[in-house]
Structure formats: C-alpha cells, structure tokens
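Reviewing the structure listed below.
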Amino acid sequence: MTNEMKPVRVRFAPSPTGRLHLGGGRTALYNYLLAKKTGGKFILRIEDTDRKRYIENAEQELMDGLHWLGIDWDEGPDKPGEFGPYRQSERKEIYLKYAEQLIKQGDAFYCFCTPERLHRMKEEQEKRKEFPHYDGHCRDISLEDARKRIAAGEPYVIRFKTPKGGVTTVHDAIRGEITVENRTIDDYIIVKSDGWALYHLAAMVDDHLMGITHVIRGSEWIPTLPLHHMIIQAFGWEEPVWIHLSVFLKPSGKGKMSKRESADLIKDGYSIFLTDFKDLGYLPEAVTNWIALMGWSYDDHTEFFTMEDLIKDFSIDHLNPSPAAINFTKLDYFNGVHIRALPVEDLAHRIKPFFEAKGYHPDDETLLKITPIIQERIVTLDDAPEIAGFFFEDHVTPQTEDLIQKGLTAEKCAEIAEKSYQVLADLPEISPRIGEPEMRALVEELGLKPAQVFGVLRVAVTGRKVSPPLFESMEIIGKDIVLERIKTAAKMLREYQSRNN
RNA sequence: GCCUCCAUCGUCUAGGGGACCAGGACGCAACCCUUUCAAGGUUAAAACGUGAGUUCGAAUCUCACUGGAGGUGCCA
C-alpha cells in the first residue's frame, strides 16, 4: 500500500527551546523516511513564536543533530523554498490575517479577561472540582464593542470558539478514531496579548500554506487534535493525515525521563540528547537504526537497517502506538553491529579523534593496522583508545603479578620469557605467519598450555592481561620493541624471584 | 480530579479469528570455538494484565476493571 503512495509533503517542526532529544530525532526520522520513500518533500520549520523561551543556539544544535543522524531537508530556514519563510517568528502577520478571518466568521472572539480574573476563575473551578476551562465570559461580546475596547487600548487575546455540545471524531492513521466530547475542549487562546499566534493557530495555518499532507508528531498532541480539526474545518481546508507517535519512556518503563535523570545519564556514558551521542562514541548509523525500531518494525526478524534500507522499507502501517522504554543496552549492541559493518578505512578515520582526545598521536599507517584487530572488540568508538592506546605509547608498564601465569612460578615464567626471546630473536620478523608456528613449537617443548606461554608474552608486550590478538599486535609493534619488552619482563620476573626466595 | 491514548517474554517487538502449547532481537545462563578479550555458533529460561461477552474456535473482535502514559499554560 505505502509502496504506491503519492509523494508526501511532511514537516518536522521543533521549537528552539532546548536540546533535541531522542524522541524528537525519531519524529524527524519518520517524517524524513516517509518523504524519501514517496519521493516527496521534507520540510524543517522552526516554531519560535514564544520569545520568552527562545534559546540562542538551539536552532543550530537542532540542525547539527539532524545532519549528524543523516537527515537533511528540502526546505527550511537555511534552505529557502516557495513556501517560506520557515521560521514562525517571520510569519507573524500571516497568522494575524487568518485570526482576523476567524473573528469575522464568528469562529473566534476577542477576550479581555485579565490574567488575574482567569486565575481566580481557575481556582474556583478547582474548588468546585470542575475541570479547568474558560467560562465564556467574553464569548458573546459584540464585534463592534470589542473593536471599541481594542481601540481604547484595552489588552486582549483571541480565543477559538469551540462548540459546547456534541462530540468530535478525528481519524489517526495508526490509532483509528479518536472521539472527544466537545464540552471538554476549551476556548483555547490562539493569539496572545503580545500579538503572537499560539501553536494551535500557527501550526494549522503553516501546515495548510505549506501543503503538508501528513502530520507525524508526538502523542502529546492527541488531546488537542479535535481543536486542530475544528480550526481546519473553520477555514474549510483539507485535513492532513494525522499520525501520532508514542512517547519514549525511561529504561524502567515507568514514566518519561526527568530533567535530573537525563543529566545523570551522561555519567554512565549515555544520553537522551542527540548531539551527545557523537562524543560518546556512537555511530549515527547505530542511533538511527536503534530509534527507528522503537515504535516501528519491518517484520518478525529483520533488525539491521541502514538509512537506505529504512527508506526502502519504512511504512506508516507498521508504526506501533504503544509507548516504548528506552533500552541503552540495545543501542550498545547496534553500535557494535554497525562498527563491524564498517569498512576498515572508514572505521580508522572515525576512531582517530577518540585517540587524540585521550592524548595519543596516532599516525594513519599504524591506525590502519590496528583497526581490523579491534573492530570486533569495541562497542563504542570511545573504547578504542582504551583497548589499543598502548600501541602509541613508548613504554608499557606490566605488573609483575600479571606476568606470573596461573599455576606457574615466577621462575617458570621467567624461563618462558627467556626462551621466547631466543625463539623470536632468531626470526626475521614477528607476525601470525612467522613466529606463531615457532612459538607453538616452544609451547610443546616446554610441555605447557598455550594460554600460559602466550599469557606471559601478552603481558610483557602489551602491558595488560587483555589485549587484541598477540601475534597481530606484535607485528604492529615491531620485532625490536617486542624483544626489548620481553627482556624487560624476564628481568622483572627474575628480580621478583630472588626477592621472594 | 477530569479528558484522552496505550496494554504480547525484564526490554524492543512479530502477530490483525483457526497457520501460535505465540516467532525474532537485546539482556541473562550454559555449551562450542579459542593464546586473553571480543566476535561467531548452538541451546535454555522467559510473555498474550484480570473478568465477562461474541464465536464451533480469540493473543487477535466488544465491554468492564486494573495498570501505565499523555493532556489539563497568554509553552510547544
């Protein structure tokens, strides 16, 4: 069905009031996917009508976050199109014009109630255990009187006039019919006293003017969906297909992430803010794959998706309406999978900054050599300097205790180091091809287990008990340094031996 | 409180009346592979919230309850 969909026009319409989080990223992604899939257009619109909440760098971070994920738009603040401007703060007059139309039609009215009166009204309603709603005080002021009061300089807002009886039913593409009693829909303010339109008006006007065919947005808009429907009806416009996505819950599944919890996450190497994932060592491919699957699925077994795959396979009828708990463990899994899927050169390029951030100075040649042997061992790019940083250190500092293998004495281990030295010193070079066969012969000769002999070597050469494959590592380090380190280790073991006798 | 939405393994999910004593994935456990750590392979444990109803037959449809979430702003 979706395969034959006509080109859509969709939009992602965030407000620059904070950082772009996972949920917003997913909403943007789904919009983008639907546009690409149908050969339609994806529009980025900035909803910045609330000047009080405006945050200076938010818009830039928003765009950076989307770009990092691999999402680009056809029209937006930085990409003029025929439906612009794409910042609501630049469209003030447009909204006023349409508000005026609503007033003339009798679908909206001027309201002169002071915030104080409204506050008192609300308190009384709460005392009487009624649900808070506008009491209709200014609903029936004649247009003539209203204009006089405005001319006299009285402050006012514009409210949409909702019907008092009956029900309103709106269709959502993934939830079916959503029916609400009209009496529960308030006479919402659509233009503030400062002359700025509110979301309910601005978004409906823009969606219409920008030719939006499908609105994919968060479920927090479900309660006001009937209002939006009424506004569109009042103008006589064509209604878009509504698609309300579920929310993301915290990992426990109990409620959504609080500000405090979001801030704490970073200590564990996670975040819910899109722009943090890069520095945390996550691949945009992995994050995209991960969030795509929280609320959408393809079939009962496919889970690896590139952006290209997603564009090909995405469809709105596989969207899931229920809330999803964020599972960071699964992100780690996806990151590993996508790291392993990367060409070596690409991965080498991506881990370089992480080495540099830890103070290493990786040369590209060495980097290219170590990348294949750590590729299946790192979960985040950030792990790379941790497990392979020693390749760029001049000296390693093994612990004597680590050099002594389980079930062996220091003396025996010293002997292993010394004999290994002799074997390796005679070779033209050390690599899995040249060196390993000889060393295995030595293992045989000594009557030991491979793990014991290689264990001594591993700690001696890399300075650690856990490392990438031994012979590959020694090849990269080079014969001279390897021999020097083995010699040092042997000396340490001998010293330990005499000290403890 | 009121309104609305949601409800399958711990988590993400497949499932849209018989194909399901419910499939996949993460995680967890065991085993195999193995010079460490990973990766990979095999196996195991693990779910249809409760109660009615419709039907020859319900995870799938209806209702109630329960639980969870969202909304209730001159925010978006």
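Below, chain A is the first sequence line, B the second, and so on; all start at residue 1. Worth knowing before you read on, the calculation uses all heavy atoms, side chains too, and leaves out hydrogens, waters and symmetry mates.
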_Surrounding CD of A:Glu444 (heavy atoms of other residues, nucleotides or ligands, distance under 6.0 Å), is the total greater than 12?_
no
*asked:* For the NZ atom on A:Lys465, are there more than 12 heavy atoms of other groups (residues, nucleotides or ligands in this structure) within a distance under 6.0 Å?
replied: no
*If the C1' atom of B:A47 is compared with that of B:G53, how far apart are they to the nearest Å?*
24 Å
*Go along nucleotides 37-47 of chain B 5' to 3' and tag each nucleotide: B for a protein heavy atom under 4.0 Å from its base, S when only backbone or sugar atoms are that close, - otherwise.*
BBSS-------
*Which letters describe nucleotides 71-76 of chain B, given B = protein heavy atom under 4.0 Å from base, S = only from sugar-phosphate, - = neither?*
SSSBBB
Report which part of the nucleic acid [X] touches: base, sugar-phosphate, or nothing (heavy-atom distance under 4.0 Å, all strands).
X	answer
A:Lys254	sugar-phosphate
A:Leu470	base
A:Gly295	sugar-phosphate
A:Gly336	nothing
A:Thr462	nothing
A:Asp332	nothing

Measure the distance from [atom1] on [X] to [atom2] on [N] and round it to the nearest whole Å.
X	N	atom1	atom2	answer
A:Phe334	B:G24	CZ	C1'	11 Å
A:Ile222	B:C6	CD1	C1'	9 Å
A:Ile243	B:C6	CD1	C1'	18 Å
A:Asp299	B:G15	CG	P	9 Å
A:Leu249	B:C12	CG	C1'	12 Å

Judged by atom type as modelled, is there a donor-acceptor pair below 3.5 Å linking the side chain of [X] to the main-chain atoms of [Y]?
X	Y	value
A:Asp382	A:Phe354	no
A:Glu285	A:Met307	no
A:Asp187	A:Thr162	yes

State whether [X] and [Y] are salt-bridged, where the test is any N-O pair (Lys NZ or Arg NE/NH1/NH2 against Asp/Glu carboxylate O) under 4.0 Å.
X	Y	result
A:Lys412	A:Glu415	yes
A:Arg464	A:Glu393	no
A:Arg377	A:Asp383	no

*Nearest listed nucleotide, side chain of A:Arg175, among B:C12, B:C6, B:C3*: B:C6
*Quick one: salt bridge (Lys or Arg N to Asp or Glu O under 4.0 Å) pairs with a partner in residues 244-257 of chain A, sequence neighbours left out?*
A:Lys250-A:Glu261
